[in-house]
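What you see is a predicted model; the values in this text were computed from it and never measured. Residues: numbered from 1 along the sequence shown.
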Amino acid sequence: MTRRNPAIVLLLTLVTCTIYWFYWIYVTTDELKQTTGKADLNPALDVVLSIVTCGIWGIYVEYRNAQLVHETLDARGVRHEDRSVVILILNLASFFVGVTGLIAIVLLQDELNKLAPPATP
């Protein structure tokens, strides 16, 4: 996994009117596929379905990816709180209060960073 600054992910998503979000979904799912060894993850299909469903599939992808992070950390023996439900609720709430979907992106990137190798000084 590549360590990414959650604030930069958020900023790029806003500046590109969510185009970066689709790229981010693809790249992080691909990295998660490599990290977890789950061959059934298909980042290209996730992006296509996210576009076709106007982002609804992307909500599921964020939820699923958060669950995979939790499962992977748990398998490694790392104590970790599963934030997938919080990410799902924030994304669903974004239908009423748009900003909560952005908070979900930041939380998920923070979770993904936990699988990245430690940063070198």
Side-chain angles (χ1 to χ4, degrees):
M1 294 294 305
T2 302
R3 185 173 302 279
R4 292 174 182 82
N5 184 330
I8 298 297
V9 172
L10 175 63
L11 182 64
L12 289 172
T13 299
L14 288 170
V15 169
T16 63
C17 299
T18 70
I19 293 171
Y20 180 79
W21 179 74
F22 293 111
Y23 167 78
W24 177 74
I25 287 288
Y26 178 87
V27 172
T28 56
T29 301
D30 188 50
E31 290 176 356
L32 204 52
K33 178 180 181 177
Q34 294 171 18
T35 301
T36 63
K38 293 219 178 252
D40 61 332
L41 291 177
N42 188 338
L45 182 60
D46 284 341
V47 170
V48 169
L49 289 174
S50 294
I51 292 169
V52 169
T53 63
C54 299
I56 294 172
W57 184 260
I59 291 172
Y60 165 73
V61 170
E62 288 187 25
Y63 169 74
R64 179 200 63 208
N65 288 357
Q67 280 187 322
L68 288 173
V69 169
H70 176 67
E71 290 171 8
T72 303
L73 288 171
D74 195 42
R76 292 178 180 177
V78 177
R79 289 190 42 111
H80 181 261
E81 181 181 340
D82 185 1
R83 292 190 177 168
S84 59
V85 174
V86 172
I87 289 169
L88 178 63
I89 290 169
L90 288 169
N91 275 315
L92 292 175
S94 71
F95 289 112
F96 307 102
V97 185
V99 73
T100 58
L102 298 173
I103 296 168
I105 292 171
V106 170
L107 277 177
L108 180 54
Q109 184 56 59
D110 185 54
E111 292 295 290
L112 292 165
N113 285 344
K114 293 174 182 173
L115 291 177
T120 55

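In this model, a donor atom of one side chain and an acceptor atom of the other lie less than 3.5 Å apart for Asn91 and Glu62. Remark: the Glu111 side chain and the His80 side chain contain an N/O donor-acceptor pair separated by less than 3.5 Å.
In summary, Asp46 and Arg64 engage in a salt bridge, as defined by a charged side-chain N under 4.0 Å from a carboxylate O. A salt bridge links Asp110 to Arg83: at least one charged side-chain nitrogen sits closer than 4.0 Å to a carboxylate oxygen. In summary, Glu71 and Arg76 do not engage in a salt bridge, as defined by a charged side-chain N under 4.0 Å from a carboxylate O.
Taken to the nearest 0.5 Å, the OG1 atom of Thr72 stands 10.0 Å off from the CG atom of Leu112. Rounded to the nearest 0.5 Å, atoms CH2 (Trp24) and CD1 (Ile105) are 6.0 Å apart. We find the OG1-CE distance between Thr36 and Met1 to be 9.5 Å, quoted to the nearest 0.5 Å. One distance of note links CD1 of Ile25 with CD1 of Ile51; it measures 11.0 Å at 0.5 Å rounding. Taken to the nearest 0.5 Å, the CG atom of Asp30 stands 10.0 Å off from the OG1 atom of Thr2. Between the CG atom in Asn65 and the NZ atom in Lys33 there is a gap of 12.5 Å [rounded to 0.5 Å].
Although no hydrogens or angles enter the test, the distance criterion places no donor-acceptor pair under 3.5 Å between the side chain of Thr35 and the main chain of Leu32. A donor-acceptor pair under 3.5 Å links the side-chain atoms of Thr100 to the main chain of Val97, judged by distance alone. Proximity of a side-chain donor or acceptor of Ser50 to a complementary backbone N or O of Gly58 within less than 3.5 Å is detected. Asn113 places a side-chain N or O within donor-acceptor distance of the main-chain N or O of Arg4, the cut-off being under 3.5 Å.
Around the NZ atom of Lys114, the shell of radius 6.0 Å holds more than 12 heavy atoms that belong to other residues, nucleotides or ligands.
There is no path of hydrophobic side-chain contacts, each under 4.5 Å, that joins Leu102 to Val15. Clustering ILVMFWY residues whenever any of their side-chain heavy atoms sit less than 4.5 angstrom apart, transitively, puts Tyr60 in a cluster other than the one holding Val52. When hydrophobic clusters are built by joining Ile, Leu, Val, Met, Phe, Trp and Tyr residues whose side-chain heavy atoms come closer than 4.5 Å, directly or via intermediates, Phe22 is not grouped with Leu11. Clustering ILVMFWY residues whenever any of their side-chain heavy atoms sit less than 4.5 angstrom apart, transitively, puts Leu14 in the very cluster that holds Trp21. Note on Leu10: it clusters hydrophobically with Val27, by side-chain heavy-atom contacts below 4.5 Å among ILVMFWY residues.
Aromatic pair Tyr23/Tyr20: ring centres closer than 6.0 Å.
What you find for Pro43 and Leu41 is that their closest heavy atoms are CD-O, 3.7 Å. Of all heavy-atom pairs spanning Ser94 and Gly101, the tightest one is CB-N, 3.4 Å. Taking both residues in full, the closest heavy atoms of Val9 and Thr13 are given as O-OG1, 2.8 Å, listed atom of the first, atom of the second, then distance.
Annotation: side chain of Gln109 is in contact with side chain of Thr28 (closest heavy-atom distance under 4.5 Å).
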Tell me, with the steps shown, if Phe95 and Ile59 meet side-chain contact (heavy atoms from CB on, under 4.5 Å). CA-CA 11 Å; Phe95 289 112; Ile59 291 172; 3.8 Å; yes
Val78 and Asp74: CA distance, side-chain angles, deciding distance, side-chain contact (heavy atoms from CB on, under 4.5 Å) verdict: CA-CA 5 Å; Val78 177; Asp74 195 42; over 6 Å; no
